[in-house]
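Here the structure is laid out as structure tokens; the discussion comes afterwards.
The basis for the numbers below is simple: all heavy atoms, side chains too, and nothing from hydrogens, waters or symmetry mates. First the proteins, then the strands, lettered A, B, ... as listed; each starts at 1.
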Amino acid sequence: MDATPQMTDAAYDAKPTRTLNGAEVVMRVLSELGCEVVFGYPGGAVLPIYDALFQQSAVRHILVRHEQAAVHAAEAYARSTGKVGVVLVTSGPGATNAVTGLLDALMDSIPLVCLSGQVPTHLIGNDAFQEADTTGITRPVTKHNYLVKRAEDLAPVLREAFEIARSGRPGPVLVDLPKDITVGPAPLNPEGKRRERAHPPRLDPEREAIRAAVRAMKAARRPLLYTGGGVINSGPQASTALRQLADMTGFPVTSTLMGLGAYPTTDRQFLGMLGMHGSYEANLATHGCDVLVALGARFDDRVTGRTNAFSPHSFKIHADIDPAQINKIIHVDVPVLGDVGRTIEAMIAEWRDIPDEAPNLDAWWRQIEAWRAIDSFGFRQDTAPSAIIRPQHAVRRLYEIVRESGRDAFVSTEVGQHQMWAAQHFQFDKPNRWLTSGGLGTMGYGLPAAVGAQVANPDALVIDIAGEASTLMNIQELGTIAQYRLPVKLFILNNRYMGMVRQWQELLHGSRYSQSYSEALPDFVRLAEAFQGKGLRATHVGELDAVIREMLAHDGPVVADICVAQDENCYPMIPSGAAHNEMLLGPEQQAQAASVTQAGMALV
Amino acid sequence: MANMVEKRAVIGVLIEDESGALARVVGLFSGRGYNIESLTVASIDPEARLSRITIVTTGTADVIEQIKAQLARLVPVHRVRDLGADGPCVARELAMVKVVSTGETRTEGLRIADAFRARVVDTTSGSFVFELTGTADKVDAFVDLMRPLGLAELSRTGVAAMARGPGVL
Ligand SMILES: Cc1cc2nc3c(=O)[nH]c(=O)nc-3n(C[C@H](O)[C@H](O)[C@H](O)COP(=O)(O)OP(=O)(O)OC[C@H]3O[C@@H](n4cnc5c(N)ncnc54)[C@H](O)[C@@H]3O)c2cc1C
Ligand SMILES: Cc1ncc(C[n+]2csc(CCOP(=O)(O)OP(=O)(O)O)c2C)c(N)n1
Ligand SMILES: [Mg+2]
């Protein structure tokens with residue numbers, strides 16, 4: 001029977017009188033869960049879903065040019081908005097192409113739901129056309145995954161997938177959808193109760209742990225806040241709380257690559273990133289501190305260096321939502337399980353409650369300022385107009401000109417030296433603006449990530465700070481950018497080398513540059529034009545500012561080919577397996593540091 | 001400094017019966033390089049669709065903690081417990097041992113089986129199948145004694161275990 005005439009649209013939506021098919025249920029549940037955008041690519045096994053997508057308007061679809069790019073775009077969409085990113089791919093090759101992106105999201109704690117098509121249930125196991133054991137292949141690269149075998153499981157599984165993706169330590173969840181399930185009828189709200197999943201994560205920290213942590217913080221003489229991506233995961237209120245905690249304690253703050261922006265990188269209390277390519281002051285402070293407060297960070301090996309020499313004299317506090325991160329790499333004195341935002345808020349309250357005087361940190365800050373005076377990210381740019389552009393200078397000018405423009409900027413990166421220079425020289429005073437592949441280090445992340453960030457933030461300035469080699473790994477996304485007229489700026493620090501590889505070969509393999517030269521590069525300017533964008537090039541310092549300004553002024557997509565010094569190395573650098581106080585400095589800082597280090601070492 | 005001494009642990013896991021659940025557990029161990037000395041699994045509550053897994057593993061105290069935390073992170077896992085955390089647990093294994101022999105060695109085998117309280121579950125003129133339940137050490141000892149007496153085939157279930165006392169998983 002038809003719907004009764006007095007029914008409102010909303011009531012009609014809520015109670016369809018016609019039986020929905022599985023694909024329609026997928027679309028309904030997506031919009032019910034607040035999903036506005038899906039990044040995807042069609043194929044036989046998902047045609048019913050694409051058909052249902054075609055017949056509704058609540059959920060928008062962005063057609064990428066490769067399924068890996070769909071996942072990276074969804075990652076950046078998620079990271080820049082705090083929402084769950086959604087991906088739709090077909091069976092077999094569609095699903096396998098998504099694998100790299102899923103692992104990238106797993107490593108970097110990004111909430112995603114990936115829907116993949118599958119052959120009909122009765123064909124599973126028969127080596128059917130475009131069949132892959134998708135749940136088997138993706139089991140180790142997802143937080144959880146499902147194969148939906150019964151129509152009545154469809155809607156509940158989708159709802160649970162979103163919940164799992166965003167709760168606790170966020171991560172990617174894959175739902176494999178056989179074609180008979182999406183073609184056949186499926187209930188939107190099946191009868192019967194589903195079992196409650198056993199473990200909601202603990203959000204509020206234990207009072208005792210907070211007490212022990214703050215007691216140690218109040219007694220500290222050389223404290224350090226070591227903040228990570230978990231502060232971003234927790235949400236903007238965690239960043240606000242972090243600023244308040246730093247302000248009331250006067251503690252210095254360092255951040256991992258993934259945490260950049262949670263604390264304003266321009267603030268005097270910020271020491272720069274720590275770790276392999278972190279600042280001198282951040283790493284020596286980590287080495288020399290007496291109380292280390294890790295907030296939503298996971299002691300990654302790029303951060304710790306040699307673990308038995310990591311921050312050897314400190315009392316360690318570790319706030320994390322995931323019990324599996326506690327004592328995984330570094331043994332800590334006080335674990336604090338819970339959401340890091342709430343943990344920081346509880347620390348603030350406890351700090352106020354303890355009557356003891358706040359510690360006097362003057363000597364510690366004097367030491368830090370002495371380290372800072374080395375200016376470990378410093379470089380000298382020859383300012384003659386014909387001089388070769390140093391890559392650090394290109395990033396610094398990009399930042400300064402963006403800041404002048406006053407626009408809200410989102411920066412993605414590829415992987416390599418340019419990524420580290422972006423981390424060192426671009427400044428972020430807000431969270432969720434920095435989009436980079438940290439844990440997996442996936443070359444080809446940045447361009448699709450820029451797509452996702454621009455879709456999520458249509459009026460913002462979105463820049464991919466790229467290397468020429470990485471860019472070519474997902475260059476096809478210039479097609480997506482053209483189709484949706486996304487004004488993404490692809491800013492290539494073109495050193496004609498896989499620079500990061502070249503640097504390791506120079507330092508560790510006797511300068512034998514095996515296969516690291518970027519041979520036969522395309523003309524990026526003409527490439528941009530071929531994809532209906534604007535192409536720009538700067539070959540020496542005199543052209544740089546004008547190219548950056550023109551790039552920002554253009555309201556469409558731009559590829560800026562910035563030809564930079566080919567032999568530049570990224571410093572400081574802690575060689576893998578070395579300790580923080582065995583950092584290599586750039587040639588410009590080396591001499592100066594020798595004397596300071598002696599003094600510093602006496603203190604720490 | 002973390003304790004570097006390796007110890008054996010018996011871990012009990014309550015997990016939902018769903019496809020792929022066991023693969024998640026096994027994949028976790030192989031993917032993260034943890035040892036599995038023995039792993040047993042069977043449904044224990046078909047109505048609630050729950051299975052129990054018993055894993056015998058070895059590692060430093062930190063690694064055992066990691067294993068527990070990683071297991072607890074798996075979505076279908078309901079409970080994880082180190083069954084030996086508060087003192088030794090009861091752990092038993094069942095083995096079937098086929099011995100093919102005649103004459104003197106055959107009677108010797110029977111005598112030893114009797115001493116171990118192994119049951120004879122199959123007999124032909126030239127063979128026995130013994131069923132033996134006990135600790136893994138007891139099974140090892142029995143198997144060693146049977147080896148020169150015509151041991152032909154061995155099937156072991158792996159360890160099932162429970163903590164002592166009133167506490168439950
Ligand atoms: C070429 C290259 C060089 C690199 N060099 C460096 C370097 O010099 N320095 C550096 O720092 N990194 C570097 N990295 C990145 C590095 O590999 C790691 O990705 C990074 O250090 C991990 O950051 P994190 O510890 O903040 O953890 P993330 O990977 O961001 O993990 C977040 C942590 O927070 C927890 N968490 C999540 N949500 C919450 C919540 N709500 N409440 C509490 N806790 C939560 C999670 O359980 C997890 O432990 C480099 C990467 C590449 C590719
Ligand atoms: C998919 C993938 N393959 C290989 C690597 C190893 N790798 C890390 S950095 C790098 C070179 C990157 O070169 P480019 O994009 O030009 O950046 P640059 O270091 O020159 O700034 C390579 C090959 C990787 N991180 N990802
Ligand atoms: Mg390069």
Side-chain angles (χ1 to χ4, degrees), chain A residues 103 106 109 121 124-125 133-150 153 157 160-161 163-165 167-169 171 173-174 176 194-202 298 307-310 312 316 320-333 335 337, chain B residues 1-5 7 9 11-34 43-53 57 59-82 85 168-169:
Chain A
L103 183 54
L106 183 71
S109 305
T121 44
I124 290 178
D133 174 8
T134 301
T135 46
I137 291 170
T138 60
R139 200 171 290 127
V141 301
T142 52
K143 184 173 174 187
H144 193 56
N145 63 16
Y146 301 86
L147 171 61
V148 178
K149 285 195 204 149
R150 303 183 318 167
D153 289 340
V157 158
E160 188 176 273
E163 182 54 26
I164 290 173
S167 63
R169 181 181 184 176
V173 178
L174 178 133
D176 206 19
R194 258 179 84 81
R195 134 161 72 200
E196 286 288 311
R197 289 292 181 164
H199 25 234
R202 182 189 185 105
R298 58 183 175 84
T307 48
N308 63 7
F310 174 76
K316 297 180 182 70
D320 206 291
I321 203 162
D322 178 6
Q325 302 311 315
I326 306 292
N327 293 334
K328 183 180 75 174
I329 292 162
I330 299 290
H331 213 86
V332 298
D333 301 285
L337 275 179
Chain B
M1 198 76 260
N3 190 352
M4 296 309 290
V5 185
K7 59 164 193 168
I11 297 175
V13 180
L14 217 53
I15 189 168
E16 287 173 30
D17 284 332
E18 60 176 31
S19 83
L22 182 61
R24 282 179 213 285
V25 172
V26 175
L28 172 69
F29 276 75
S30 63
R32 293 188 181 264
Y34 305 140
S43 171
I44 54 161
D45 187 344
E47 202 140 291
R49 298 206 296 129
L50 284 178
S51 286
R52 178 168 171 137
I53 300 178
T57 183
T60 61
D62 277 354
V63 167
I64 302 296
E65 281 308 306
Q66 263 297 302
I67 290 174
K68 281 162 49 191
Q70 294 290 355
L71 283 168
R73 221 153 70 127
L74 299 177
V75 171
V77 166
H78 281 223
R79 262 193 292 287
V80 178
R81 183 164 168 199
D82 181 348
V168 297
L169 176 66

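- Considering CG of N145(A) and CZ of R24(B), their distance stands at 4.5 Å, rounded to 0.5 Å.
- Considering only residues two or more places apart in sequence or on other chains, R202(A) meets the salt bridge (Lys or Arg N to Asp or Glu O under 4.0 Å) condition with none of them.
- Of the two parts of I326(A), only the backbone, made up of N, CA, C and O, holds a non-hydrogen atom closer than 4.5 Å to a non-hydrogen atom of chain B.
- Atom CG of L74(B) sits about 10.5 Å away from atom CZ of R139(A), to the nearest 0.5 Å.
- Of all heavy-atom pairs spanning D62(B) and H331(A), the tightest one is OD2-ND1, 3.1 Å.
- Looking at Q66(B), only its side chain comes within 4.5 Å of chain A, counting heavy atoms on both sides.
- P323(A) has its side chain out of reach of R73(B): every pair of non-hydrogen atoms, C-beta onward, lies at least 4.5 Å apart.
- Here the closest heavy-atom approach between residue A324(A) and residue Q70(B) is recorded as CB-NE2, 3.7 Å.
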